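Not measured: the values here are computed from a predicted model.
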Amino acid sequence: MTLRIYNTQSRKKEEFHPQEEGKVGIYVCGITAYDFCHVGHARSAVVFDVITRYLRYSGSDVTYVKNFTDVDDKIIDKAGREQKGIAEIAELYIREHDEDMGKLGVVRPTFTPRATEHIDGMIHLVTTLLEKGLAYPMDGDVYYSVERFPGYGKLSGRNIEEMQAGARVDVNDKKRNPFDFALWKASKEGEPWWESPWGRGRPWWHLECSVMSQRYLGDTFDIHGGGEDLIFPHHENEIAQSEGATGKTLARYWVHNGFVRVNNEKMSKSLGNFFTIRDILEQFDPEVLRFFLLQSHYRSPVDFSDAALSEARQGMNRFYSTLKALKDIAAGGTAIAAEPAAKDGEMTAQIQALRERFVESMDDDFNTARAIGHLFDAVRFINTALAEKKPGVSPGILLEGKKALLEIGSVLGFFLEEPDTYLRRDRDREAAKRGLSIAEIERLIAERRAARAAKAWQRADEIRKELAGQGVLLQDASDITTWAIA
RNA sequence: GGCGGCAUAGCCAAGUGGCUAAGGCAGCGGUCUGCAAAACCGUUAUUCCCCGGUUCAAGUCCGGGUGCCGCCUCCA
């Protein structure tokens with residue numbers, strides 16, 4: 001089975017063959033560092049994290065580059081408002097970004113270059129474009145001439161004439177064509193600047209990605225990714241810059257993730273309907289957010305809500321409960337090499353099938369939703385075996401099942417915690433959300449324990465009911481009563 | 001106005017023309033339990049927005065509606 005990836009440019013799923021067997025180069029457009037990251041940024045990060053993890057799981061040597069835009073109008077504005085330097089603002093939000101991503105279990109990209117580290121390369125690229133007649137200087141600015149690049153519009157499926165009919169572009173009389181875009185702009189008073197052949201100025205947004213991708217991955221690389229809002233104009237312009245300069249294909253596969261929505265609208269800064277990652281992580285475990293995001297296919301929109309996260313939380317608890325049960329088997333001192341049991345063969349086949357189905361799902365354009373479905377199937381057959389009074393599956397085989405769950409989980413970035421730690425933290429967090437006192441819950445449990453010992457069932461049930469009314473569910477085991485939040 | 005996407009059960013969601021339309025959440029019935037919870041078993045879409053068409057066969061392909069969303073300005 002071969003990996004197939006949906007390529008935005010062809011609008012089709014294509015078989016994936018890297019330019020060099022066993023090696024994959026990925027470039028993903030990162031954030032502009034001027035504020036905290038929101039759930040939309042989390043989705044992009046998690047999606048490409050899983051893509052990277054899966055390619056590595058499949059045996060590829062992946063070089064993953066994700067940039068930071070650290071010079072930009074928004075950063076300058078923010079710096080002005082807060083009376084800080086732009087470097088200070090960028091540095092702060094890059095650090096916050098890294099912290100959020102770390103919590104989400106996003107593996108650090110191989111390289112995380114920043115725009116300002118590559119000014120020389122940008123000046124060089126602009127020079128090349130000028131030499132090739134693809135760009136023109138104008139009052140200290142330099143613009144790209146889209147009409148001079150024949151492929152302009154090939155990624156987003158547009159052409160210049162059609163777009164002009166709709167004409168919703170800002171009028172700028174410095175441009176020869178309204179769709180020409182700035183490569184470099186003269187800096188105004190108070191703005192950061194670098195010396196250039198066109199005077200003191202600063203690079204414009206699209207330029208950095210062309211330079212940094214080439215620097216780390218070469219003229220042509222395998223996968224270029226980002227949110228679907230970057231298709232036009234950002235990625236279209238990157239193609240114009242890079243391919244205009246090198247004459248070579250920039251990226252062989254274009255991969256774009258869908259949006260996170262809130263009440264059916266795109267989550268975005270400008271609409272103000274965003275939730276920051278850190279806000280959400282105060283309410284839910286990072287793995288819950290991750291699970292929520294991966295439960296839908298990466299190209300579909302996902303609707304974000306508290307209810308949706310709560311459902312995701314329930315799903316994640318199901319996984320962790322099974323993992324805990326499996327761990328308890330191992331901890332129970334049961335000999336791993338117990339004699340074969342009747343259903344060992346069946347279980348072994350199921351585990352094998354799980355691995356195969358996982359690969360099959362992921363090979364189909366990274367279908368994490370389907371992969372998760374298979375994971376739940378696995379949980380059910382493991383739970384079935386665990387529930388049997390007379391064990392039909394030997395512990396050693398069950399632990400093979402656990403191994404498979406953890407292995408697949410690691411590709412999706414799940415099950416990174418110890419089950420006990422995860423479940424306790426989840427429980428305590430939910431209790432805190434409801435304003436419940438853990439000490440009080442435990443006091444009532446102790447009282448009920450005494451009542452039960454005395455076979456005072458009525459009092460025991462009263463306590464159960466009282467706690468249930470607050471969302472606290474008691475679970476009586478033979479020797480201990482544990483509790484959970486509904 | 002131009003370009004593109006989506007519409008599957010109460011909710012979320014997968015579905016690569018052909019076995020009984022994954023899976024999760026929620027609900028209901030049962031097993032287990034002193035009673036519960038968890039877990040397990042069963043159950044919840046004769047049908048995939050509507051109307052036509054292609055085909056032996058369509059949720060899946062084609063055409064036309066309707067509704068929603070996105071990009072075309074910064075945006076993951």
Side-chain angles (χ1 to χ4, degrees), chain A residues 4 8 11 13 28-32 34 37-48 72-74 153 156-159 161-170 179 205 225-234 236 256-261 264-271 274 291-292 295-297 299-303 305 307-308 310-318 321-322 325 357 360-361 364-365 367-377 379-389 452 455 457-458 460-461 464-465 468 472-477 481-484 486:
Chain A
R4 300 174 77 239
T8 305
R11 298 173 207 277
K13 284 184 199 173
V28 174
C29 295
I31 58 154
T32 298
Y34 75 105
C37 290
H38 60 62
V39 177
H41 300 113
R43 184 177 197 190
S44 184
V46 166
V47 162
F48 288 100
D72 168 273
D73 279 354
K74 289 180 174 172
S156 55
R158 301 160 198 244
N159 66 61
E161 295 80 62
E162 275 172 5
M163 286 194 292
Q164 276 166 345
R168 252 177 70 183
V169 276
D170 59 325
F179 287 94
W205 181 36
E228 66 179 345
D229 47 1
L230 298 183
I231 297 170
F232 188 89
H234 183 56
E236 200 70 72
H256 293 95
N257 65 275
F259 296 132
V260 175
R261 294 183 189 171
N264 228 29
E265 272 186 328
K266 177 184 173 182
M267 179 185 287
S268 72
K269 296 280 297 177
S270 46
L271 286 169
F274 60 92
F291 177 76
F292 163 75
Q295 234 183 340
S296 304
H297 187 264
R299 280 187 284 118
S300 309
V302 292
D303 220 80
S305 67
S310 294
E311 283 187 14
R313 171 186 164 249
Q314 297 290 2
M316 204 27 98
N317 280 357
R318 183 166 161 81
S321 300
T322 296
R357 286 173 184 150
E360 190 190 338
S361 301
D364 186 8
D365 196 27
N367 195 329
T368 54
R370 200 154 81 209
I372 288 170
H374 295 313
L375 224 35
F376 276 113
D377 284 336
V379 161
R380 185 163 13 80
F381 64 70
I382 288 169
N383 282 339
T384 300
L386 289 168
E388 281 175 330
K389 285 233 166 78
R452 291 181 77 215
K455 294 210 190 310
W457 304 125
Q458 203 183 339
D461 289 351
R464 175 190 290 292
K465 225 174 148 185
V472 179
L473 299 175
L474 301 185
Q475 298 159 343
D476 293 327
T481 295
T482 56
W483 58 280

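Residues A:V302 and A:Q295 form no side-chain contact, since every pair of their non-hydrogen atoms from C-beta on lies 4.5 Å or further apart. Side-chain contact check for A:E228 versus A:F259: some heavy-atom pair is nearer than 4.5 Å.
Side-chain N/O atoms of A:K266 include none lying less than 4.0 angstrom from OP1 or OP2 on B:rA76. The side chain of A:S300 contributes an N or O atom lying less than 4.0 Å from OP1 or OP2 of B:rA14. One finds no side-chain N or O of A:N257 lying less than 4.0 angstrom from the OP1 or OP2 phosphate oxygen of B:rA76. Contact check, A:R299 against B:rA76: no side-chain N or O comes under 4.0 Å of OP1 or OP2.
For A:E311, taking side-chain heavy atoms from C-beta onward, the closest of the listed nucleotides B:rC11, B:rC74, B:rG15 is B:rC11. Here the nucleotide nearest the side chain of A:F376, chosen from B:rG70, B:rG24, B:rG34, is B:rG24. In this structure, of B:rC40, B:rC35, B:rA26, it is B:rC35 that holds the atom nearest to the side chain of A:D476. Side chain of A:F259, nearest nucleotide from B:rA37, B:rA76, B:rG4: B:rA76. If you check B:rC40, B:rC69, B:rC74 against the side chain of A:N264, the one that comes closest is B:rC69. Side-chain atoms of A:P233 lie closest to B:rC72 of the nucleotides B:rU16, B:rC72, B:rA76. Across B:rA39, B:rC71, B:rA14, the shortest atom-to-atom separation from the side chain of A:D229 is found for B:rC71. Picking from B:rC74, B:rA39, B:rC41 the nucleotide with the shortest atom distance to the side chain of A:R318 gives B:rA39. In this structure, the nucleotide among B:rA14, B:rG70, B:rG34 sitting nearest to the side chain of A:R452 is B:rG34. For A:R380, taking side-chain heavy atoms from C-beta onward, the closest of the listed nucleotides B:rA13, B:rC41, B:rG15 is B:rC41.
Between A:H38 atom NE2 and B:rA76 atom P there is a gap of 6 Å when expressed in whole angstrom units. A:E236 has its CD atom 14 Å from the P atom of B:rG4, to the nearest Å. In this entry the distance linking CG of A:L474 with P of B:rU33 reads 19 Å, nearest Å. If you measure from atom CG of A:D303 to atom P of B:rC68, you get 15 Å, rounded to the nearest angstrom. Taking atom CE of A:M316 as the reference point, atom C1' of B:rC12 lies 15 Å away to the nearest angstrom. Across the protein-nucleic acid pair, A:R11 atom CZ and B:rG70 atom P stand 18 Å apart, rounded to whole Å. Atom-to-atom, NZ of A:K269 to P of B:rA76 comes out at 9 Å; the value is rounded to the nearest Å. Atom NE2 of A:H256 and atom P of B:rG5 are 15 Å apart (whole Å).
Nearest-nucleotide positions on RNA chain B for A:K13 and A:P301 put A:P301 closer to the 5' end. Residue whose closest nucleotide on RNA chain B sits further toward the 5' end, between A:Q475 and A:H374: A:H374.
Nucleotides B:rG52 and B:rA13 are separated by 29 Å at their C1' atoms, to the nearest Å. Distance check on atom P: B:rU16 versus B:rC25 gives 24 Å, rounded to whole Å. B:rC12 sits 14 Å from B:rC49 when the P atoms are compared, rounded to a whole Å. Here, B:rU47 and B:rG63 have their C1' atoms 23 Å apart, quoted to the whole Å. If you take atom C1' in B:rG67 and the same atom in B:rU8, they sit 16 Å apart, rounded to whole Å. Comparing the C1' positions of B:rA9 and B:rG4 gives an interatomic distance of 29 Å, to the nearest angstrom. Look at the P atom in both B:rG34 and B:rG24: the space between them is 29 Å, to the nearest Å. A gap of 15 Å separates the C1' atoms of B:rG42 and B:rC32, to the nearest Å.
Across every strand in view, B:rC68 sits in a pair with B:rG5 that passes the Watson-Crick or G-U test at under 3.5 angstrom. With both pairing distances under 3.5 Å, B:rC19 is matched to nothing as a Watson-Crick or G-U wobble pair. The partner of B:rC40 is B:rG30, judged by Watson-Crick or G-U wobble contacts that both fall below 3.5 Å. Pairing of B:rU55, defined by two Watson-Crick or G-U wobble distances under 3.5 Å, is not identified with any nucleotide. When both distances must be under 3.5 Å, the Watson-Crick or G-U wobble mate of B:rU60 does not exist. In this structure, B:rA14 forms no base pair with any nucleotide, since neither Watson-Crick nor G-U wobble geometry is met with both distances under 3.5 Å. In this structure B:rA45 sits in no base pair that meets the Watson-Crick or G-U test at under 3.5 Å.
When every heavy atom of A:F48 is checked against every heavy atom of A:G226, the shortest pair comes out as CZ-N, 3.4 Å. Summarising the geometry of A:C29 relative to A:H234, their closest heavy-atom pair is SG-NE2, 3.5 Å, with the distance given to 0.1 Å. Nearest heavy atom pair, residue A:D303 against residue A:N264, reads OD1-N, 3.1 Å. Across A:S268 and A:F274, no two heavy atoms sit closer than the pair O-CD2, 3.6 Å.
At a cut-off of 3.5 angstrom, the base of B:rC35 holds at least one donor-acceptor pair with the side chain of A:R464. Below the 3.5 angstrom threshold, one finds no donor paired with an acceptor across the side chain of A:N367 and the base of B:rG15.
Heavy atoms of A:A308 sit nowhere under 4.0 angstrom from any nucleic acid atom. Among the protein residues, A:G157 comes within range of the sugar-phosphate backbone only, with heavy atoms under 4.0 Å from sugar or phosphate atoms but none that close to a base. The residue A:V260 sits close to a base: some heavy atom pair falls under 4.0 Å. Among the atoms of the strands shown, only primed sugar atoms or phosphate atoms (P, OP1, OP2) are found under 4.0 Å from some heavy atom of A:T384. Among the protein residues, A:G30 comes within range of the sugar-phosphate backbone only, with heavy atoms under 4.0 Å from sugar or phosphate atoms but none that close to a base. Using a 4.0 Å heavy-atom distance criterion, A:S156 is classed as a sugar-phosphate-only contact. The residue A:K74 sits close to a base: some heavy atom pair falls under 4.0 Å.
Stacking is found between A:W457 and the pyrimidine-like six-membered ring of the B:rG34 base under the 5.5 Å centre-distance and 30° plane-angle cut-offs.
Remark: side-chain polar atoms of A:E236 are paired, donor with acceptor, to backbone N or O of A:S156 under 3.5 angstrom.
Using the six-membered ring where Trp is involved, A:F291 and A:F376 have ring planes that are perpendicular, over 60° apart on the 30 and 60° scheme.
Under a 4.0 Å N-O distance rule, the pair A:R452/A:D476 qualifies as a salt bridge.
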Evaluate the criterion salt bridge (Lys or Arg N to Asp or Glu O under 4.0 Å) for residue pair A:D377 and A:R357; output intermediate values, then yes/no.
CA-CA 11 Å; A:D377 284 336; A:R357 286 173 184 150; 5.5 Å; no
